[in-house]
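Structure first, then comments.
Since this is a predicted model, take the numbers as computed values, not measurements. Only this structure's heavy atoms are used, side chains among them; waters, hydrogens and symmetry mates stay out.
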Amino acid sequence: MAVEDRAGTDRVRALLRRAQPRAPRPRRHTRGSGQFPARRVVLPLLAPDGAGQPALGVAARDGFSVLEAVNYLEHYGLLRQRNAAGRYEKVDARHSWNSDRLTTNVFLFQLQRHSDHHANPLRRYQTLRSFDVSPQLPAGYATMLLLALVPPLWRRVMDHRVLAHYGGDASLANTAPPP
(Lines give C-alpha, C1' and ligand atoms only; values in the text may rest on other atoms or scores of the structure.)
Protein backbone atom coordinates (compact mmCIF):
# COMPACT_ATOMS: atom_id res chain seq x y z
CA MET A 1 0.00 0.00 0.00
CA ALA A 2 2.80 2.43 0.88
CA VAL A 3 4.52 1.78 -2.46
CA GLU A 4 1.30 2.59 -4.37
CA ASP A 5 0.80 5.81 -2.37
CA ARG A 6 4.35 6.87 -3.09
CA ALA A 7 3.98 6.17 -6.82
CA GLY A 8 0.78 8.20 -6.92
CA THR A 9 2.47 11.08 -5.05
CA ASP A 10 5.41 11.01 -7.45
CA ARG A 11 3.01 11.19 -10.40
CA VAL A 12 1.21 14.18 -8.88
CA ARG A 13 4.52 15.96 -8.23
CA ALA A 14 5.64 15.33 -11.81
CA LEU A 15 2.36 16.75 -13.15
CA LEU A 16 2.68 19.81 -10.92
CA ARG A 17 6.25 20.38 -12.10
CA ARG A 18 5.12 20.25 -15.75
CA ALA A 19 2.27 22.69 -15.06
CA GLN A 20 4.55 25.36 -13.57
CA PRO A 21 5.82 27.95 -16.02
CA ARG A 22 9.53 27.75 -16.75
CA ALA A 23 11.86 30.67 -17.14
CA PRO A 24 12.85 30.94 -20.79
CA ARG A 25 16.34 29.70 -21.59
CA PRO A 26 18.54 32.18 -23.43
CA ARG A 27 18.77 31.43 -27.12
CA ARG A 28 22.17 30.36 -28.40
CA HIS A 29 22.39 33.12 -30.99
CA THR A 30 21.83 35.86 -28.39
CA ARG A 31 24.39 34.82 -25.78
CA GLY A 32 27.10 37.45 -25.69
CA SER A 33 25.73 39.20 -28.75
CA GLY A 34 24.96 42.35 -26.76
CA GLN A 35 28.66 42.99 -26.21
CA PHE A 36 29.58 43.91 -29.77
CA PRO A 37 26.80 46.45 -30.41
CA ALA A 38 27.32 47.98 -26.97
CA ARG A 39 31.02 48.48 -27.64
CA ARG A 40 30.28 49.89 -31.06
CA VAL A 41 27.88 52.48 -29.63
CA VAL A 42 29.27 53.25 -26.17
CA LEU A 43 32.98 53.57 -26.98
CA PRO A 44 32.57 56.28 -29.66
CA LEU A 45 30.35 58.24 -27.27
CA LEU A 46 33.08 58.12 -24.59
CA ALA A 47 35.70 59.61 -26.91
CA PRO A 48 36.81 63.10 -25.80
CA ASP A 49 35.19 66.12 -27.45
CA GLY A 50 32.71 63.96 -29.39
CA ALA A 51 35.46 62.68 -31.68
CA GLY A 52 33.72 59.31 -31.98
CA GLN A 53 30.35 60.61 -33.12
CA PRO A 54 31.26 60.73 -36.82
CA ALA A 55 32.02 57.00 -36.55
CA LEU A 56 28.45 56.45 -35.34
CA GLY A 57 27.12 58.40 -38.31
CA VAL A 58 29.19 56.34 -40.74
CA ALA A 59 28.07 53.08 -39.08
CA ALA A 60 24.42 54.17 -39.23
CA ARG A 61 24.70 55.17 -42.90
CA ASP A 62 26.43 51.92 -43.84
CA GLY A 63 23.95 49.79 -41.89
CA PHE A 64 20.99 51.55 -43.49
CA SER A 65 22.51 51.23 -46.97
CA VAL A 66 23.11 47.48 -46.60
CA LEU A 67 19.60 46.96 -45.21
CA GLU A 68 18.03 48.76 -48.17
CA ALA A 69 20.23 46.97 -50.69
CA VAL A 70 19.30 43.57 -49.23
CA ASN A 71 15.63 44.55 -49.27
CA TYR A 72 16.01 45.53 -52.94
CA LEU A 73 17.64 42.28 -53.99
CA GLU A 74 15.22 40.12 -51.98
CA HIS A 75 12.18 41.58 -53.76
CA TYR A 76 13.47 42.78 -57.14
CA GLY A 77 10.92 42.52 -59.93
CA LEU A 78 8.40 40.50 -57.93
CA LEU A 79 4.88 41.85 -57.81
CA ARG A 80 1.84 40.68 -55.91
CA GLN A 81 -1.21 40.67 -58.13
CA ARG A 82 -4.56 42.25 -57.29
CA ASN A 83 -7.51 39.95 -56.82
CA ALA A 84 -11.09 40.52 -58.05
CA ALA A 85 -11.86 42.70 -55.00
CA GLY A 86 -8.95 45.00 -55.87
CA ARG A 87 -6.81 43.88 -52.94
CA TYR A 88 -3.33 42.46 -53.24
CA GLU A 89 -3.03 38.70 -53.00
CA LYS A 90 -1.75 37.21 -49.77
CA VAL A 91 2.04 37.17 -49.43
CA ASP A 92 3.51 33.73 -50.00
CA ALA A 93 6.76 32.02 -50.92
CA ARG A 94 6.64 33.26 -54.54
CA HIS A 95 7.03 36.90 -53.49
CA SER A 96 10.70 37.07 -52.53
CA TRP A 97 13.98 35.69 -53.76
CA ASN A 98 15.85 32.91 -51.98
CA SER A 99 19.55 32.12 -52.15
CA ASP A 100 20.16 28.61 -50.91
CA ARG A 101 23.90 28.97 -50.44
CA LEU A 102 25.74 27.45 -47.48
CA THR A 103 27.87 30.54 -46.77
CA THR A 104 24.85 32.84 -46.78
CA ASN A 105 23.03 30.39 -44.53
CA VAL A 106 25.84 30.23 -41.97
CA PHE A 107 26.68 33.93 -41.81
CA LEU A 108 23.21 35.43 -42.16
CA PHE A 109 21.11 33.12 -39.95
CA GLN A 110 19.16 31.61 -42.85
CA LEU A 111 18.21 35.06 -44.15
CA GLN A 112 18.40 33.54 -47.63
CA ARG A 113 15.19 31.63 -46.89
CA HIS A 114 13.35 34.91 -46.98
CA SER A 115 10.35 33.46 -48.80
CA ASP A 116 9.43 31.22 -45.88
CA HIS A 117 9.67 34.23 -43.58
CA HIS A 118 7.11 36.00 -45.80
CA ALA A 119 4.80 33.02 -45.92
CA ASN A 120 5.17 32.19 -42.19
CA PRO A 121 6.27 35.33 -40.32
CA LEU A 122 6.09 33.68 -36.88
CA ARG A 123 8.38 30.78 -37.79
CA ARG A 124 11.75 30.88 -35.99
CA TYR A 125 14.64 31.66 -38.28
CA GLN A 126 16.37 28.39 -37.36
CA THR A 127 13.51 26.45 -38.92
CA LEU A 128 12.94 28.48 -42.09
CA ARG A 129 12.52 26.28 -45.16
CA SER A 130 13.18 26.58 -48.84
CA PHE A 131 10.37 26.14 -51.37
CA ASP A 132 10.49 25.03 -54.99
CA VAL A 133 8.06 27.83 -55.95
CA SER A 134 10.41 30.51 -54.59
CA PRO A 135 12.59 32.19 -57.17
CA GLN A 136 16.33 31.62 -56.62
CA LEU A 137 19.05 34.25 -56.80
CA PRO A 138 21.93 33.18 -59.05
CA ALA A 139 24.54 33.74 -56.30
CA GLY A 140 24.88 34.40 -52.58
CA TYR A 141 23.94 37.66 -50.88
CA ALA A 142 27.47 39.10 -50.83
CA THR A 143 27.83 38.67 -54.60
CA MET A 144 24.33 39.95 -55.26
CA LEU A 145 24.91 43.04 -53.10
CA LEU A 146 27.96 43.95 -55.17
CA LEU A 147 26.06 43.26 -58.38
CA ALA A 148 23.19 45.54 -57.24
CA LEU A 149 25.66 48.44 -57.06
CA VAL A 150 25.96 48.34 -60.87
CA PRO A 151 22.34 48.66 -62.13
CA PRO A 152 22.94 47.79 -65.83
CA LEU A 153 24.79 44.64 -64.87
CA TRP A 154 22.15 43.82 -62.23
CA ARG A 155 19.34 44.11 -64.78
CA ARG A 156 21.25 42.00 -67.31
CA VAL A 157 21.58 39.22 -64.73
CA MET A 158 18.16 39.50 -63.08
CA ASP A 159 15.52 40.67 -65.56
CA HIS A 160 15.39 37.42 -67.55
CA ARG A 161 15.09 35.49 -64.26
CA VAL A 162 12.13 37.63 -63.23
CA LEU A 163 10.46 36.98 -66.59
CA ALA A 164 11.17 33.25 -66.28
CA HIS A 165 9.56 33.26 -62.82
CA TYR A 166 6.38 34.72 -64.36
CA GLY A 167 6.43 32.36 -67.36
CA GLY A 168 7.53 35.11 -69.76
CA ASP A 169 4.57 37.42 -68.97
CA ALA A 170 6.21 40.84 -68.46
CA SER A 171 2.90 42.37 -67.33
CA LEU A 172 3.11 40.36 -64.10
CA ALA A 173 6.62 41.59 -63.25
CA ASN A 174 7.78 44.82 -61.65
CA THR A 175 10.92 45.57 -63.67
CA ALA A 176 9.98 48.83 -65.39
CA PRO A 177 11.45 52.00 -63.87
CA PRO A 178 8.90 54.17 -62.04
CA PRO A 179 7.16 56.84 -64.17
Side-chain angles (χ1 to χ4, degrees), residues 24-34 36-37 40-41 55-179:
R25 288 196 275 174
R27 293 184 180 165
R28 272 184 274 148
H29 70 279
T30 60
R31 287 186 208 140
S33 65
F36 179 73
R40 196 168 166 130
V41 171
L56 288 177
V58 169
R61 181 203 64 207
D62 291 351
F64 178 76
S65 297
V66 169
L67 176 68
E68 287 302 312
V70 167
N71 193 33
Y72 174 76
L73 72 91
E74 287 177 333
H75 302 99
Y76 178 78
L78 303 178
L79 184 65
R80 288 189 300 154
Q81 307 304 313
R82 290 187 185 263
N83 61 24
R87 294 179 175 222
Y88 284 105
E89 65 184 322
K90 183 181 175 193
V91 176
D92 65 24
R94 299 172 295 132
H95 297 124
S96 65
W97 293 89
N98 278 352
S99 177
D100 288 333
R101 303 287 192 282
L102 179 62
T103 306
T104 302
N105 182 18
V106 170
F107 287 110
L108 297 178
F109 302 109
Q110 296 201 41
L111 177 67
Q112 87 286 4
R113 292 184 177 161
H114 190 73
S115 298
D116 192 22
H117 164 69
H118 272 279
N120 304 290
L122 298 178
R123 187 182 304 276
R124 289 180 161 188
Y125 79 85
Q126 299 97 325
T127 60
L128 291 176
R129 302 163 298 172
S130 187
F131 295 105
D132 291 337
V133 296
S134 302
Q136 294 292 319
L137 290 170
Y141 273 39
T143 304
M144 298 309 291
L145 277 171
L146 293 174
L147 197 61
L149 296 175
V150 185
L153 187 56
W154 171 264
R155 285 191 290 276
R156 187 178 315 147
V157 169
M158 291 301 296
D159 283 357
H160 69 90
R161 286 178 168 82
V162 172
L163 287 175
H165 176 64
Y166 289 115
D169 188 351
S171 68
L172 299 176
N174 187 22
T175 55

Does any part of the side chain of [Y], heavy atoms only, come nearer than 4.5 Å to the side chain of [X], both counted from C-beta?
X: Val66; Y: Val70; value: yes
X: Tyr166; Y: Leu78; value: yes
X: Val58; Y: Arg61; value: yes

Does [X] reach the main-chain N or O of [Y] with its side chain, forming a donor-acceptor pair under 3.5 Å?
X: Ser99; Y: Ala139; answer: yes
X: Arg161; Y: Val157; answer: yes
X: Glu89; Y: Gln81; answer: yes
X: Arg94; Y: Val133; answer: no
X: Ser96; Y: Glu74; answer: no

Tell me the closest heavy-atom pair linking [X] and [Y], and the distance in Å.
X: Asp169; Y: Ser171; value: OD1-OG, 2.6 Å
X: Leu79; Y: Asn174; value: CB-CB, 3.9 Å
X: Gln136; Y: Trp97; value: O-CZ3, 3.4 Å
X: Val162; Y: Gly77; value: CG1-O, 3.5 Å
X: Pro135; Y: Ala93; value: CD-O, 4.1 Å

Roughly how far, to the nearest 0.5 Å, is the [atom2] atom of [Y] from the [atom1] atom of [X]?
X: Leu153; Y: Arg155; atom1: CG; atom2: CZ; value: 10.0 Å
X: Leu137; Y: Met144; atom1: CG; atom2: CE; value: 5.0 Å
X: Lys90; Y: His95; atom1: NZ; atom2: NE2; value: 11.0 Å

Atom CZ of Arg80 with >12 non-hydrogen neighbours under 6.0 angstrom: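 Yes, the 6.0 Å shell around CZ holds more than 12 heavy atoms from other groups.
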Atom OH of Tyr72: over 12 foreign heavy atoms under 6.0 Å: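 Counting neighbours around OH of Tyr72, more than 12 heavy atoms of other residues, nucleotides or ligands fall under 6.0 Å, so yes.
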